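Since this is a predicted model, take the numbers as computed values, not measurements. Just so it is clear: chains get the letters A, B, ... in the order the sequence lines come, proteins before strands, and each one is counted from 1.
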Number of protein chains: 2
Amino acid sequence: MGVTGDRFRHEALGVVFQVREDRLSVLLWQRAFPPFADAWALPGGRLLSAERLGTSASRHLAAKVDIPEIAHLEQLETRSDPVRDPRERVLATAYLALVTVGAQPRLPADTAWHPVDALPACAFDHQSIIGSARERLRAKLSYTNIGFALAPETFTIAQLRDLYAAALGHEVSATNLQRILTRREVIEPTSGLSRPTSAGGRPAALYRFVSCSLVVTNPFAAFRPRE
Amino acid sequence: MGVTGDRFRHEALGVVFQVREDRLSVLLWQRAFPPFADAWALPGGRLLSAERLGTSASRHLAAKVDIPEIAHLEQLETRSDPVRDPRERVLATAYLALVTVGAQPRLPADTAWHPVDALPACAFDHQSIIGSARERLRAKLSYTNIGFALAPETFTIAQLRDLYAAALGHEVSATNLQRILTRREVIEPTSGLSRPTSAGGRPAALYRFVSCSLVVTNPFAAFRPRE
DNA sequence: ACAGGTTTTCAACTATCGGTAGATAACTAC
DNA sequence: GTAGTTATCTACCGATAGTTGAAAACCTGT
């Protein structure tokens, strides 16, 4: 009671995912100075005095990395290991950020995309944070409409299949994907058709996501009676 | 670069749930002084300089409320609204804590259990945090074995049904519950039988949870091929 | 001991979900 | 046309989970 409590630095980190060339990739920048010189780190930075964590994450991403295309941002978890930063104690709240496939944001010279299954040496606890973010993304792909934040405005089922396969890390059946997402009313057909490729083949119908804000579509309905 | 960053107070809060008299209840203490005098608040307190958030939550719960019976503790989310505390800015990381049914921890005079569907006026953003915690608990009950942290060592299916019904907020069929949790290998029968009640009736088999650490038992398997 | 009441347990029925396979449709190139 | 290619659809089927009702195992009162 009345004791002066300790105060802590706090940072917001962004795990920015984008599917690039059929591989789930994360945005990292390469540190020039110790600690962890030459290692790769998640974008982020200090929380300011009047700022919420979510806006801080947005600000650091938008300013340092020029990404206005972030289609989804959600809080992941807060890391509090006292020695996660060897210089001084810094709490870090990680956010999951998703960028639409095909977007090509300009990047600073020290910044690059890395496929998540071929990560370089990472600074601090960032590799483990990326692991948590992957888990979250995989889970939400299967019970929410979060795919809207990875997919373009309109897309064919084949494109969506490749996107889900990259993000989930295993093969996905186009037939199944189309039926399930349509039944859940996550996606709907538009009137458009895709240009057939030069190799021929039937033109594909173009779909879109029904909603562009997060909706839980497959509630774990266990133990609930059918009224 | 090199700018002196701001530092913040940080607190850990515990949303402690227990099923009491067939109602999901949360532990709250009544504030004596402003701000929010007389309103009810979640237990918790300051993060210390060498402490992780999880241990801070445990410490505050164990010290202030005498609960060594916390069977499960997990991080929920971090609240960062700059004015969530009118005195000064305090970041708060909330934890979900579960107490076994039947445990009767000694409580300080200002502390009491409140059914979550009849909450009193709450201080700060605590009511909304309790809402988040309920959501998390409900979701995890349906796809993990988290019930182990609410149930006693051994129990009958009827007891477990009442427990799930209280935590989920809707009726639950004992038949269904028994079949599903057994098939998922979440619970298993012991050799014991319950004493029949004075009213008569067949004695019930006693079950136990197979594991007392969190296991995901119903992965959202959507889109995964059957190898 | 037996009837009637109570609680538990189990088996059968059913709907839905989602993975699979194969047929059919719609296009290109030759 | 014919062959090749891609997309789409239907039918099948197993697993999951909600529902129902019967049978089992206990009590009490007569």
What is the distance from [atom1] of [X] to [atom2] of [N], rounded to the nearest Å?
{"X": "B:L168", "N": "D:dG18", "atom1": "CG", "atom2": "P", "result": "11 Å"}
{"X": "A:Y164", "N": "C:dG18", "atom1": "OH", "atom2": "C1'", "result": "15 Å"}
{"X": "A:R224", "N": "D:dG18", "atom1": "CZ", "atom2": "P", "result": "10 Å"}
{"X": "B:R161", "N": "D:dG18", "atom1": "CZ", "atom2": "P", "result": "15 Å"}
{"X": "B:L193", "N": "D:dA24", "atom1": "CG", "atom2": "P", "result": "17 Å"}
{"X": "A:E185", "N": "C:dC17", "atom1": "CD", "atom2": "P", "result": "12 Å"}
{"X": "B:F155", "N": "C:dT7", "atom1": "CZ", "atom2": "P", "result": "20 Å"}
{"X": "A:N176", "N": "C:dT16", "atom1": "CG", "atom2": "P", "result": "18 Å"}

Q.
At 4.0 Å (heavy atoms only), tell me whether A:T156 reaches a base, stays on the sugar-phosphate, or touches nothing.
A.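 No contact.
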Q.
For a quick check of understanding: with a heavy-atom distance under 4.0 Å over all strands, which category does B:A174 fall into, base, sugar-phosphate or nothing?
A.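 Since no nucleic acid heavy atom lies under 4.0 Å of B:A174, the category is nothing.
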Q: Without swapping roles, check the side chain of A:T100 against the backbone of A:A103 for a donor-acceptor pair under 3.5 Å.
A: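 No.
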Q. Side chain of A:E11, backbone of A:V90: donor and acceptor closer than 3.5 Å?
A.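 Not at all, since once roles are kept as given, no pair shorter than 3.5 Å links the two residues.
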Q. Are B:S194 and B:T156 linked by a side-chain donor-acceptor pair shorter than 3.5 Å?
A.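 Distance-only check fails for B:S194 and B:T156.
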Q: Compute whether any side-chain donor of one residue and acceptor of the other, for B:Q18 and B:S25, lie under 3.5 angstrom apart.
A: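 The answer is no; no qualifying pair exists.
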**Q.** From CA spacing to verdict: side chain to side chain contact (heavy atoms under 4.5 Å, CB included), B:L96, B:F17
**A.** CA-CA 8 Å; B:L96 170 65; B:F17 282 140; 3.5 Å; yes
Q | Heavy-atom donor-acceptor pair, B:R179 side-chain to D:dG18 base, under 3.5 Å | A |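 Side chain to base: pair found, below 3.5 Å.
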Q | Contacts of B:A62 that satisfy side chain to side chain contact (heavy atoms under 4.5 Å, CB included) - sequence neighbours left out | A |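 Scan of B:A62 (side chain to side chain contact (heavy atoms under 4.5 Å, CB included), adjacent residues dropped) gives none.
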Q: Name the residue closer to the 5' end of DNA chain C, choosing between B:Y207 and A:L177 according to the nucleotide with the nearest heavy atom.
A: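 Counting from the 5' end, the first nearest nucleotide belongs to B:Y207.
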Shortest side-chain distance from [X], nucleotide among [options]:
{"X": "A:R183", "options": "C:dG18, D:dC26, C:dA26", "value": "C:dG18"}
{"X": "B:I180", "options": "D:dG21, C:dC17, D:dG18", "value": "D:dG18"}
{"X": "A:A158", "options": "D:dT8, D:dG21, D:dA7", "value": "D:dA7"}
{"X": "B:A205", "options": "C:dT9, D:dA25, C:dG19", "value": "C:dT9"}
{"X": "A:S173", "options": "D:dT8, C:dT20, C:dT8", "value": "C:dT20"}

Q.
With a 4.0 Å cutoff (strictly under), does any side-chain N or O of A:R184 reach OP1 or OP2 of C:dG18?
A.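 So the side-chain polar atoms of A:R184 do come within 4.0 Å of the phosphate oxygens OP1 or OP2 of C:dG18, strictly under.
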(Q) Below the 4.0 Å mark, does C:dT9 have OP1 or OP2 next to a side-chain nitrogen or oxygen of B:Q178? (A)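 Negative; the distance criterion is not met.
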**Q.** Under the ring-ring contact (aromatic ring centres under 6.0 Å, His included) test, residues paired with A:Y164 that sit two or more places apart
**A.**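 In terms of ring-ring contact (aromatic ring centres under 6.0 Å, His included), with neighbours along the sequence ignored, A:Y164 is linked to B:F223.
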(Q) Angle between ring planes, A:F209 versus A:F155, binned at 30° and 60°: parallel, tilted or perpendicular? (A)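 Ring orientation, 0 to 90° scale: tilted.
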Table of protein N/O atoms under 3.5 Å from nucleotides 3-6 of chain C N/O atoms:
residue : atom : partner : partner atom : Å
C:dT6   : O2   : B:G201  : N            : 3.4

